[in-house]
Amino acid sequence: MKHDRLAAIDIGTNSVRCIVVEMDRAGKFRVLDDEKATVRLGEGIARDNAISPAAWQRTMDALVRMKKIVDGYGVIGVEAVATSAVRRAANGDAFVSAVADTVGLAITVISGEEEAELAALSALHNFDMAGKHYTMVDIGGGSVEVVTALGNHIEEIYSLELGAVVLTEKFIAADPVRKGDYLKLRRHIRKALKAECIDGMPPVQYLIGSGGTMTSIAAMVMAMRKEEYGSIHGYEVLRSEVVHLLAMLLRKDLKGRRAIPGLNPDRADIIVAGVTVVDELMEFFGANLLKINERGLREGLILKALRKYKLLPVEKKPRSWRESVLEFARSCHFDEEHSLQVARLSLEIFDAVASPFSLAEKERQLLEAAALLHDVGYLISYSGHHKHTYHLVRHADLFGFTPREREIIANVARYHRKALPKKKHESFARLSPRDKIIVSRLGGILRLADGLDRRRNSVVSALECSLSPSTFTVRLGGGDDVSVELFGARTKGDLFEAAFARKLILAAAPAGESLRTAV
C-alpha cells in the first residue's frame, strides 16, 4: 500500500538524513529505509558566511541519490527541511532554489525553535515523561536545540549556535586539542548557556539527547562497558561516564580518536566539541543521567507529516509500556489468555519473594513484560520457540524500556522452557553479573508460573506463597483438578530452586478454601 508511505529529509550542517516510512493497519509506522550522508554542508560557513562550492556539490550529490530512493518507494509526500547551515549562509536561498531546480525537492528552511519542537515531538513519542522534569537536547553540526519540560508540557525552548562543526572550526585548531583552546571552548559554551537559558532553575532528572554526538556517546560508552545490545535507542549514560569519555578523547589525536570503538571515523574531528557541549549541558541543568533518542528530528518530521496527511490521530492518549508490550505480542498472534494468566501468576510469586531478595518495582515490570511475551516465538515455529522469542523481543520496539531492560526481558522469556542459563549461552554470557542474577530469578519465576498453566485453561485461580529460610511453599487454588498444573510446576521449578536457593514445595489447596499470599 504505497499510498501510506512518506519520506522525511533533514539537511543538517554535518549530514543529510533521509527516512522512508510506511503506516500499518494498527496506526503505527515502520521504517523502510534510513539513508545518511556526511556532507559537511556547514564547512567554512563560520569563516566565509557562505556554503562552499565543494560542500554544495557534496550535498547536491547526496540529495539526488536520496530523491531517487524516495521516488522508488512511491511515497505520497516528502517533508524536506534545512537547518542551521542554510539558515546562516548568505547563499542559503540560492542553495534552496538550486535544489528545487536540480533535484526536484522543495526545501523549507526552519528556525532553531522549529528544530527544537520537532526533536521534542520525537522524544515525547518515545519516552514516558509523566511527572518528570527533564531537558531535551538535539545537537547538530551548526546549532543546539534545548527544550525544558515537565511531563508532556514544554516550558522553554532555546536554540544556541553551539553545533559540533561550528565550535570545532572556531576553537579547535591543533591535533591533539591544545589545553588553552579547550578551556576557551568551555568558557564560550558556559557563557552562551548563561546568556540564553534560564539560570538557577531546579535540577532536571535527566537529559534526553538526539543527534550524531549523542548517538556517538552512547555507542562509545556501550563499547567501553563491553555491552552488546541490539540498539542504542533509549540507552542510558551517567554524567560520570561523559566526563571520563571526554577526558579520554582529549588525550588522543585525530588518528587515535578514529580508532575508538563505537565512534564513526567521520565524526572523529568534531566529537570533542560535541561531547564538551553535552558535559556542560549536564552540568548546567544538574542532570546526572542522559537518555539517548536515536530518532530525533527526522522522526519529528515524519510525525508532523503523518498528521498533515491525516495518517496519525492529532490527539493520541499517552503510550504506556504495557500497551506497547501487548501491541507487539498481538502482532505475533500470541495466546493472550495463557500469557495473561502466566503474567498474573508470575506477579503473585514475585510479590512473595520481592522484599527478602530486594527485587524492586522495575524488576516486577520486566517480569510482567517477559511473561506476556514468553511465547511470541511461536510466530516462527514451535520448535525452539523460546530462542525465537529471545530474538524477537530483543529487537522489538517496546516503549518505555532501555536497551538493557529489553535484553533482560528477552533473556527472562527465553528461559521459560528447556535449558537453564549457562555460560556457553552467548545471550546470557554477555550480561553483567548483576543482570545474570536478575535474569535467573525472574526466569525462575516465569518458568514456574508457565508450569502452573500447563493446560492453558487458567484453572489455577489463586496462589498462597510462603517463604522460609530453606523452602518456598506454593498452594494452588482452583475450581477443578489441578494435578496437571502441579506436575507442570514441579517439572519447571528447577531454575527457581537454583536462583533462590530454596526447595520448592507444591500442593493443592482443599476445594473451597480461600487462599491468601503470605511471605
Side-chain angles (χ1 to χ4, degrees), residues 1 21-34 228-234 321-343 345-346 365-431 435-436 439-440 442-458 488 491-492 494-495:
M1 298 177 65
V21 304
E22 181 178 70
M23 290 297 293
D24 61 22
R25 293 178 180 176
K28 289 186 66 178
F29 65 84
R30 64 188 182 101
V31 176
L32 300 178
D33 206 299
D34 192 348
E228 297 178 39
Y229 299 130
S231 166
I232 57 171
H233 183 62
W321 69 265
R322 188 176 286 105
E323 288 172 351
S324 175
V325 166
L326 285 170
E327 186 178 76
F328 176 71
R330 286 168 184 148
S331 74
C332 296
H333 309 292
F334 80 139
D335 183 338
E336 188 157 349
E337 181 184 352
H338 169 66
S339 296
L340 290 171
Q341 169 72 348
V342 170
L345 297 176
S346 292
Q365 189 182 104
L366 299 178
L367 173 62
E368 184 176 356
L372 292 171
L373 296 170
H374 74 281
D375 274 343
V376 295
Y378 274 109
L379 180 68
I380 297 174
S381 73
Y382 172 78
S383 178
H385 72 265
H386 55 298
K387 296 179 183 178
H388 300 315
T389 289
Y390 167 78
H391 292 290
L392 286 170
V393 173
R394 185 175 192 250
H395 297 290
D397 183 14
L398 301 180
F399 177 75
F401 294 108
T402 68
R404 169 185 167 264
E405 290 164 353
R406 287 197 299 273
E407 189 73 27
I408 290 174
I409 293 168
N411 270 281
V412 171
R414 182 249 187 272
Y415 290 113
H416 80 274
R417 70 189 290 266
K418 294 292 186 179
L420 274 60
K422 291 181 173 65
K423 291 180 180 178
K424 69 178 183 179
H425 294 163
E426 184 181 344
S427 60
F428 186 74
R430 62 173 167 242
L431 295 173
D435 288 350
K436 286 177 182 175
V439 165
S440 295
L442 300 187
I445 293 172
L446 174 57
R447 196 178 180 97
L448 175 59
D450 190 45
L452 288 168
D453 195 39
R454 181 65 183 84
R455 284 180 288 176
R456 294 175 175 253
N457 61 355
S458 303
T491 302
K492 303 189 75 170
D494 46 0
L495 181 54

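Computation of the quantities below employed the complete heavy-atom set of this structure, encompassing side-chain atoms and omitting hydrogens, waters and symmetry-equivalent molecules. Note that the structure is a prediction, hence the values are computed from the model and not measured.
Between Glu323 and Phe399, every side-chain heavy-atom pair lies at or beyond the 4.5 Å cut-off. Side-chain contact between Leu373 and Leu398 is present, with heavy atoms from C-beta onward closer than 4.5 Å. Residues Pro421 and Lys436 fail the side-chain proximity criterion, which asks for heavy atoms closer than 4.5 Å. Looking at Phe401 and Ile408, their side chains never come closer than 4.5 Å, going by heavy atoms from C-beta outward. Using a 4.5 Å heavy-atom threshold, the side chains of Leu379 and His388 count as separate. Residues Arg406 and Ser231 are in side-chain contact: their nearest non-hydrogen atoms beyond the backbone lie under 4.5 Å apart.
When all heavy atoms of Lys422 and Ala419 are compared, the closest pair comes out as NZ-CB, 3.8 Å.
Partners of Arg456 by side chain to side chain donor-acceptor pair (under 3.5 Å), not counting sequence neighbours, listed by chain and number: Asp335, Asp375, Tyr378. Listed by chain and number, the residues in a side chain to side chain donor-acceptor pair (under 3.5 Å) with Glu228 amount to none (sequence neighbours excluded). Asp34 is linked by a side chain to side chain donor-acceptor pair (under 3.5 Å) to Arg17, Arg298, counting only residues two or more places apart in sequence or in another chain. Residues forming a side-chain contact (heavy atoms from CB on, under 4.5 Å) with Leu32 (at least two apart in sequence, or on another chain): Arg5, Val20, Glu22, Arg30, Tyr73. Not a single salt bridge (Lys or Arg N to Asp or Glu O under 4.0 Å) links Asp453 to another residue, sequence neighbours left out. In terms of the salt bridge (Lys or Arg N to Asp or Glu O under 4.0 Å) criterion, Arg454 has no residue partners (sequence neighbours excluded).
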In sequence, state the C-alpha distance, the side-chain angles, and the governing distance for Tyr390 and His425, and then conclude on side-chain hydrogen bond (donor to acceptor under 3.5 Å, both in side chains). CA-CA 12 Å; Tyr390 167 78; His425 294 163; over 6 Å; no

Apply side chain to side chain contact (heavy atoms under 4.5 Å, CB included) to residues Leu366 and Val412 and explain how you reach the verdict. CA-CA 9 Å; Leu366 299 178; Val412 171; over 6 Å; no

Kindly indicate, with the supporting measurements, whether the criterion side chain to side chain contact (heavy atoms under 4.5 Å, CB included) is fulfilled by Ile409 and Val325. CA-CA 11 Å; Ile409 293 168; Val325 166; over 6 Å; no

Using the side chain to side chain contact (heavy atoms under 4.5 Å, CB included) rule, take Leu392 and Phe328 through it: C-alpha gap first, then chi angles, then the decisive distance, then the call. CA-CA 10 Å; Leu392 286 170; Phe328 176 71; 4.2 Å; yes

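At distances below 3.5 Å, at least one donor-acceptor pair connects side-chain atoms of His374 with backbone N or O atoms of Ala371. Looking only at distances, no side-chain donor or acceptor of Asp450 sits under 3.5 Å from a matching main-chain atom of Leu446.
No more than 12 heavy atoms of other residues, nucleotides or ligands sit less than 6.0 Å from atom NZ of Lys387. The number of heavy atoms from other shown groups lying within 6.0 Å of NZ (Lys423) does not exceed 12.
Expressed to the nearest 0.5 Å, how far OG of Ser324 lies from CG of Leu372 amounts to 11.5 Å. Going from atom CG of Leu495 over to atom OH of Tyr415 covers 9.5 Å, rounded to the nearest 0.5 Å. Atoms OG and CG, on Ser458 and Leu452 in that order, are 11.5 Å from each other to the nearest 0.5 Å. Note that CG of Leu340 and CD of Glu368 are 9.0 Å apart. Values are rounded to the nearest 0.5 Å. Rounding to the nearest 0.5 Å gives a distance of 10.0 Å between OG1 of Thr491 and CZ of Arg447. With rounding to the nearest 0.5 Å, the separation of SG in Cys332 from CD in Glu327 is 11.0 Å.
Applying side chain to side chain donor-acceptor pair (under 3.5 Å) to His385 and the options Arg414, Lys418, His416 leaves one that passes, His416.
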